[in-house]
Asks: 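Sending over a structure as structure tokens; questions will come in a sec.
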Amino acid sequence: MDVSGLLLADSRFPGGGHVHSGGLEEAAARKLVTGEADLASFLVGRLRTAGELAAVFAAAATSAVQRGKTHWLELDAELDARTPSPAQRKASRAQGRGTARAGQRAWPSPVLDRLLADTPRPHHPVILGALTALAGGEPQDAALAVCYLAVSGPASAAIRLLGLDPFGVNAVLARLAPELRDVAATAAKTADHDPRDLPAPGAPGLDLLAEAHDRHHREEVRLFVS
Amino acid sequence: MKAQARLVVERDQDGRNVVRDLRSMAPITLVPHRSRVRSANEPALVHLVSSVTAPLGGDDLELVVEVGEGAHLVLRGVAATLALPGHLPGGSRARVRIEVASNAGVQYVPEPTVVTARAHHEAELVVELAAGALLRTREVLVLGRAGERPGSLTSAVRVRRDGGPLLNQSLRIGAPELDGSAAHLAGRRVLGTEVLCWGEDPVEPFSHDWWSLVPLARGGSLATSLAGDAVTAQTWLDAALDVHPGWRSRVV
């Protein structure tokens, strides 16, 4: 993996990802996830749906920069159409904005300026994919970074929310390694496809959890934004 | 079995919705409703009947529907679809393509699809809406008959309006690690979804624990329910319809 992927997938990358639990807080509040076994199942489901979708768009954005394409509005519209939940769109754009801010300092470029002129609040996978290319990485690096973020955020949220053993949760993540590689490699294969033909895996459970979380977040105190 | 069926509905000079072209091909049988004289503005009603047990493994079925300018069509299923395994390899495919012209509308409401054990089915619905066209479509997917493990199903829904994408979702059913995951189907046996591009969209999402109605990013809305049985899943979709501003104030 290229160092660009390490930087962008680091939990200390200042993109604002730490305030999102990826639906885990709502799942924990409803006791759908109570221990390591449920957490593993939740993470596999998340990786193979929302994680795969993010990987597909991150890889496509890296490839767009590499090929000199500027179809940012089209990628933005196609990812919107694959994200029916308003709460999830909001979470993606909030993290996208934070990532863009950090990226402007780390990898300033006219390519980035153009992307942000077209989409001032970009979706997280798209901006992360573009930054990966600017930092010298490949589509698969971007795909692997967002796949890892799709499970590492909820995993660390589970430690805080459920008081799970950090060593046990880390082992759960480690066991996901083959699936992470597999999803990222598959996503990289469609990186140069027309945006309208990109895969569109849906996740009804995550959509419902995100909307319910958003409602509860407004009504009561929650630790995470999503 | 390979089959291609076609249905064209137009609005005539007197404002009546008439079926202009109707080509059934087994197993897809289209039955227009002619029991009474239709008045102007009443949508054309056509029933979708499966005349042979389908889809079976190896089947490739396609239905093309065109709704002309100003016309309205209601296309309804009459019985649940059972996706079954067949003796041919490669699974079964069913594609529905619907084109809706400006000021026209379509309601496509098939009955639930039950994914039986060892079935391998791909369903695809592609809808192209002109600006100002209306759409309502409901899909209810049931994971196996009672006490049965489901086969595998991929169901893709793509809706575009005026050339731009409104919704693109592909749902995978029948992979145990996904069916049981709280992130995907949460161990629930029935998934209901309903796309509504029907006048005024909801401004804010409506959400309950296991169903929601949400506005899509670029127009239209989607209702989703996850339930233990098909009756509950559909009751929740009905509840979502009841709070949809455009649907509640519909005139046709």
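Each chain gets a letter, A, B and so on, in the order its sequence line appears, and its residues count up from 1.
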Asks: Does the side chain of R89(A) pick up a donor-acceptor pair with the side chain of T83(A) at under 3.5 Å?
Replies: no
Asks: Sort out for me which of P204(A), P84(A), A81(A) touches chain B most, counting heavy-atom pairs under 4.5 Å.
Replies: A81(A)
Asks: Is E179(A) close to chain B through its backbone or its side chain, or both, or neither, when contacts mean heavy atoms under 4.5 Å?
Replies: neither
Asks: Supply the atom-to-atom distance L213(B) CG to S207(B) OG, rounded to the nearest 0.5 angstrom.
Replies: 10.0 Å
Asks: Does any donor atom in the side chain of H20(A) or S226(A) lie under 3.5 Å from an acceptor atom in the other side chain?
Replies: yes
Asks: For the interface with chain B, which of R215(A), E26(A), R46(A) has the highest count of heavy-atom pairs at distances below 4.5 Å?
Replies: R215(A)
Asks: So for W210(B), is it side chain, backbone, both, or neither that comes closer than 4.5 Å to the heavy atoms of chain A?
Replies: both
Asks: Does NZ or CZ of R114(A) come closer than 6.0 Å to the centre of the six-membered ring of W72(A), within 45° of the ring's axis?
Replies: no
Asks: Using non-hydrogen atoms and a 4.5 Å limit, figure out which bit of L178(B) sits close to chain A: side chain, backbone, both or neither.
Replies: side chain
Asks: For a quick check under 3.5 Å, do N103(B) and E69(B) share a side-chain donor-acceptor pair by atom type?
Replies: no
Asks: So which part of L167(B) gets closer than 4.5 Å to some heavy atom of chain A, the side chain, the backbone, both or neither?
Replies: both
Asks: Would you mind telling me which of T154(B), V214(B), N168(B), T224(B) has the largest number of heavy-atom pairs within less than 4.5 Å of chain A?
Replies: N168(B)
Asks: Answer with side chain, backbone, both or neither: which region of R188(B) has an atom nearer than 4.5 Å to a non-hydrogen atom of chain A?
Replies: neither
Asks: Does any backbone or side-chain atom of R48(A) lie under 4.5 Å from a heavy atom of chain B? Answer side chain, backbone, both or neither.
Replies: both
Asks: Tell me, side chain or backbone of R30(A) under 4.5 Å from chain B's heavy atoms, or both, or neither?
Replies: side chain
Asks: In terms of heavy-atom pairs under 4.5 Å, which option from P201(A), A200(A), G45(A) contacts chain B the most?
Replies: A200(A)
Asks: When you compare the side chains of H121(B) and R93(B), does any donor N or O come within less than 3.5 Å of an acceptor on the partner?
Replies: no
Asks: Do you see a donor-acceptor pair shorter than 3.5 Å between the side chains of S92(A) and H124(A)?
Replies: no
Asks: Do D229(B) and T232(B) meet the criterion of a side-chain donor-acceptor pair at a distance under 3.5 Å?
Replies: yes
Asks: Among G187(B), S221(B), A182(B), single out the residue with the greatest number of heavy-atom pairs under 4.5 Å to chain A.
Replies: A182(B)
